[in-house]
**Student:** 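Quick one: structure below, then a few questions.
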Amino acid sequence: MFSRKILFVAPEVDPFVKVGGLADMVGALPKALAELGHDVRIVCPLYRSVRRLGFWRPRAEPLGIDVGPSALWARTWETSLPGAAVPCYFIENDALYGRAGVYGEGNTSYPDNDRRFIALSRAALTLCLQLDWIPDVVHAHDWTTGWVPVLLNTVLRDSPLGGAASVFTVHNLEHQGYAAREAVDYARIPPSEFHPRSLEALGAANPMKGGLYHATKITTVSPTYAQEIRRPESGCGLDDVLRFRGADLIGILNGIDPDAWNPATDATLPARYGPGDLAGKAVCKDALQRQLGLAAAPEAPLFGVVARLVHQKGLDLLAEALPALLATHPLQIALLGSGDPALEDAFRRLATANPGRVGVRIGFDAALARLVQAGSDAFIMPSRSEPCGLTQLYAMRYGTPPVVRATGGLIDTVTPYDEATGGGLGFRFHEATAAALAGAVGSACATYRDRPAHFAALRERGLRGDFGWGPSAAAYAQVYDWAVHARRGGDLAASA
Ligand code: ADP
Ligand code: GLC
């Protein structure tokens, strides 16, 4: 394996700015790659919400971005990922990024998202030229940066960046970034790319599709999702493209940053704990119950939820199942999330109707997310689809067995509990129905009450599990090698 120069271009990166798991992935994988000896750098926009952690340095040279009829100008701020030798460059252009949100505010997307992310894709590549640092691989993430592989294959093919391979990771196929045809002109991509075998879909520009057609290699975030999206029923209209590119599509499971997510060192928790010693977890449960207005009942099985409240996550099934579950089991619910206003209201109403039993916090709160993981006895994730999912990994790492629907990365990460042997990591159900979810929550309650040794073993296996990036970072390094090889031709040694 060779040491590579790898540029990540991404719309979010933890701990600076995060909407969902894409940020966790982009904040963690580069660290693991740097530890393997690769020179990894990250480019992301400077939104108003970016937290300026650590040391930040503006670059003296302005950055001209080749978009639209006349170039845009930006300033670049340089910092690094906390605790890692990974430079991060934030692109400052207030007209495009100086806003409160990443993709939008409330439930409304910004109307100029096509331009904002075309500019990001362009800026990242121009910055490489300015730094005189030509990556071997540019690693783009989801629709926002689907423009990158298209640019590298077209207008930049004969530039110094033309030898750079691209790897395009699908984090979530449900969002494709549909834009007006004019976006292609704004990107200064030849109009001939507005074609069904490139950027065009349903008469509009689709950067997810463009990325899939043009990337040297495609990855997605779990092996099962890599299979699912090739099928019409779960390909979100792009299954034909994914089958066409099938030989270059690889599913690699996301890892977690085991230092950032560790109940034995997590300074945000009221007490810490680890394998074999759960006293601190009981303290966290008590704090969570207080914080969310739940009854201080150490023996009640407490189920946590941390999620975007959107259709994909299936939490409407939980809202539907809860009244009957609360009537038949002594459980409590601690839910943190925001999203669909109707679902937010449904959970607020459930909290009002069940004081002391259902605690709901609508919003985004990184510290409370950790307390929910630590203080709960089990974690609910009824996703209709889940490319990988990170919250079930955090839950297991925090000794909180997850209850998941059998889909995507949840199948690959949560081995089901086996009543006969006591083995497994969590509870699984199949149908996306309230009844099936209620059945699995009921089994978790029964195990908690009637087979405490089994429940303790589930917790312990999670606490001792290795969910880090080790094997997956090595798999990405291999994909980078394949991509370089494919881009440059010849044998692997010649691509070094
Ligand atoms: P997705 O990316 O589809 O939202 P993941 O499970 O991969 O799902 O990642 C979600 C990430 O966002 C996790 O780090 C989770 O803790 C975090 N998260 C989701 N909702 C909230 C919230 N309301 N407050 C704080 N963190 C949240
Ligand atoms: C997406 C997916 C989620 C995945 C995350 C990080 O947001 O919905 O399943 O874990 O990206 O790859």
Side-chain angles (χ1 to χ4, degrees), residues 8 10-15 17-29 49 51 102-103 139-145 168-176 208 219-226 228-229 234 236 251-257 260-261 266 268 291-292 304-315 334-340 343-344 347 360-374 376 379-398 400 402 404-405 407-414 467 469 472 476:
F8 274 57
E12 355 169 356
V13 49
D14 191 62
V17 55
K18 160 163 154 177
V19 175
L22 189 154
D24 301 51
M25 191 272 205
V26 172
L29 172 59
S49 52
R51 298 194 299 152
V102 170
Y103 308 107
H139 189 162
H141 300 264
D142 266 358
W143 67 269
T144 52
T145 53
F168 185 51
T169 295
V170 177
H171 293 262
N172 191 345
L173 202 60
E174 290 187 19
H175 303 282
Q176 300 180 8
M208 177 69 100
T219 73
T220 187
V221 290
S222 69
T224 295
Y225 194 62
E228 288 173 351
I229 57 180
S234 33
C236 303
I252 302 177
L253 205 57
N254 281 337
I256 64 171
D257 180 338
W261 292 86
D266 192 329
T268 69
Q291 207 163 320
L292 287 189
V305 177
V306 179
R308 295 180 295 115
L309 300 181
V310 295
H311 184 75
Q312 180 204 333
K313 298 289 175 185
L315 288 160
L335 178 140
L336 167 66
S338 65
D340 173 4
L343 200 50
E344 291 180 354
F347 279 110
V360 169
R361 180 71 53 86
I362 301 299
F364 192 94
D365 183 335
L368 182 57
R370 287 165 179 274
L371 186 61
V372 173
Q373 297 282 12
S376 302
F379 188 83
I380 299 183
M381 209 165 169
S383 307
R384 289 194 165 81
S385 84
E386 197 60 75
C388 177
L390 293 173
T391 47
Q392 83 282 12
L393 299 177
Y394 298 143
M396 292 187 281
R397 172 93 172 136
Y398 279 58
T400 308
V404 303
R405 190 170 100 76
T407 180
L410 300 177
I411 293 178
D412 297 337
T413 54
V414 183
F467 307 106
W469 270 100
S472 296
Y476 271 102

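Keep in mind the model is a prediction, meaning the values are calculated, not measured. When a residue number appears, it is its place in the shown sequence, counting from 1. Both ligands and their constituent atoms are indexed starting at 1 by order of listing. These values consider heavy atoms only, across backbone and side chains, with no hydrogens, waters or symmetry-generated copies.
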**Student:** So which heavy atom in the protein is nearest atom 6 (O) of ligand 1, and how far is it from that ligand atom?
**Tutor:**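 Residue, atom and distance for the closest contact: Leu390 N, 2.8 Å.
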**Student:** Once you measure the plane-to-plane angle for Tyr394 and Trp261, does it fall in the parallel (<30°), tilted (30-60°) or perpendicular (>60°) bin?
**Tutor:**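 The arrangement is parallel - the two ring planes meet at less than 30°.
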**Student:** What residue and atom, counting heavy atoms only, is the protein's closest point to atom 3 (C) of ligand 2, and at what distance?
**Tutor:**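 Going by distance alone, atom 3 (C) of ligand 2 is nearest to Glu386 OE2, 3.4 Å.
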**Student:** When the ring centroid of Tyr476 is compared with that of His139, is the distance short of 6.0 Å?
**Tutor:**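 Here the rings of His139 and Tyr476 have centres that are less than 6.0 Å from each other.
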**Student:** For the residue pair Trp469 and Asn254, what are the closest heavy atoms and their distance?
**Tutor:**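 In this case the closest contact between Trp469 and Asn254 is CH2-OD1, 3.5 Å.
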**Student:** When you measure from atom 11 (O) of ligand 2 to every protein heavy atom, which one gives the shortest distance, and what is it?
**Tutor:** His171 CB, 3.3 Å
**Student:** Do any heavy atoms of Gln312 fall under 4.0 Å from ligand 2?
**Tutor:**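 Checking ligand 2 against Gln312, which is what was asked, there is a heavy-atom contact under 4.0 Å.
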**Student:** Starting from atom 19 (C) of ligand 1, find the nearest protein heavy-atom neighbour and note its residue, name and distance.
**Tutor:**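 Answer for atom 19 (C) of ligand 1: Val306 CG1, 4.0 Å.
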**Student:** Does Ala307 approach ligand 1 within less than 4.0 angstrom via side chain, backbone, both or neither, non-hydrogen atoms only?
**Tutor:** backbone
**Student:** Between the candidates Ala369, Gly21, Ser385, which shows the shortest non-hydrogen contact distance to atom 11 (C) of ligand 1?
**Tutor:** Gly21
**Student:** In terms of residue, atom name and distance, what is the protein heavy atom nearest to atom 4 (O) of ligand 1?
**Tutor:**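 Ranking protein heavy atoms by distance from atom 4 (O) of ligand 1, first comes Arg308 NE, 2.7 Å.
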**Student:** Quick check: Asp365 and ligand 1, any N/O pair under 3.5 Å apart?
**Tutor:**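 It does: an N or O of Asp365 is found under 3.5 Å from an N or O of ligand 1.
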**Student:** Out of curiosity, is Gly389 lining ligand 2, as in a heavy atom under 4.0 Å away?
**Tutor:**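 It does, in that a heavy atom of Gly389 comes within the 4.0 Å cut-off of ligand 2.
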**Student:** Lys313 versus Val305: any side-chain heavy-atom pair under 4.5 Å?
**Tutor:**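 When only atoms from C-beta onward are counted, Val305 and Lys313 do not touch, as no gap falls below 4.5 Å.
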**Student:** Going by the atom numbers of ligand 1, which of them fall below 4.0 Å from some non-hydrogen atom of Gly389?
**Tutor:**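 It comes down to these atoms of ligand 1: 6 (O), 7 (O).
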**Student:** Report the part of Asp24 in contact with ligand 2, treating N, CA, C, O as backbone and CB onward as side chain, heavy atoms under 4.0 Å; options are side chain, backbone, both, neither.
**Tutor:**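 It is neither; nothing of Asp24 touches ligand 2.
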**Student:** In ligand 1, which numbered atoms sit nearer than 4.0 Å to a non-hydrogen atom of Gly363?
**Tutor:** 22 (C), 23 (N)
**Student:** Identify the closest protein heavy atom to atom 15 (C) of ligand 1: which residue and atom is it, and at what distance?
**Tutor:**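 So the nearest neighbour among protein heavy atoms is Thr391 CG2, 3.5 Å.
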**Student:** Compare Gln392, Arg308, Met381, His175 and give the one whose heavy atom is closest to atom 7 (O) of ligand 2.
**Tutor:** Arg308
**Student:** Write out the residue and atom name of the closest protein heavy atom to atom 8 (O) of ligand 1, then the distance separating them to 0.1 Å.
**Tutor:** Lys313 NZ, 3.0 Å
**Student:** At under 4.0 Å between heavy atoms, is it the side chain or the backbone of Gln392 that contacts ligand 1, or both, or neither?
**Tutor:**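 None of Gln392 does.
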**Student:** Work out whether the distance between some heavy atom of Gln373 and some atom of ligand 1 is less than 4.0 Å.
**Tutor:** no
**Student:** Taking distance alone, with no angle check, do Asp24 and ligand 1 share an N/O pair under 3.5 Å?
**Tutor:**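 So ligand 1 has an N or O lying under 3.5 Å from an N or O of Asp24.
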**Student:** Decide side-chain hydrogen bond (donor to acceptor under 3.5 Å, both in side chains) for Ser385 and Glu174; before the verdict, give the C-alpha distance in whole Å, the side-chain angles of both, and the deciding distance to 0.1 Å.
**Tutor:** CA-CA 9 Å; Ser385 84; Glu174 290 187 19; 3.0 Å; yes
**Student:** Report yes if some heavy atom in the side chain of Leu173 is under 4.5 Å from a heavy atom in the side chain of Tyr225; otherwise report no.
**Tutor:**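 With C-beta onward as the side chain, the pair touches.
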**Student:** Identify the closest protein heavy atom to atom 22 (C) of ligand 1: which residue and atom is it, and at what distance?
**Tutor:**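 Ranked first by proximity to atom 22 (C) of ligand 1 is Phe364 CD1, 3.5 Å.
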**Student:** Is the shortest distance from a heavy atom of Gly337 to ligand 1 less than 4.0 Å?
**Tutor:**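 True for this residue.
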**Student:** Given side chains that start at C-beta, do those of Thr219 and Thr169 come closer than 4.5 Å, heavy atoms only?
**Tutor:** yes
**Student:** Has Lys18 got any heavy atom lying under 4.0 angstrom from an atom of ligand 1?
**Tutor:**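 The answer is yes, since Lys18 has a heavy atom less than 4.0 Å from ligand 1.
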**Student:** Would you check if the side chain of Arg361 reaches a backbone N or O of Gln291 as a donor-acceptor pair within less than 3.5 Å?
**Tutor:**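 Present.
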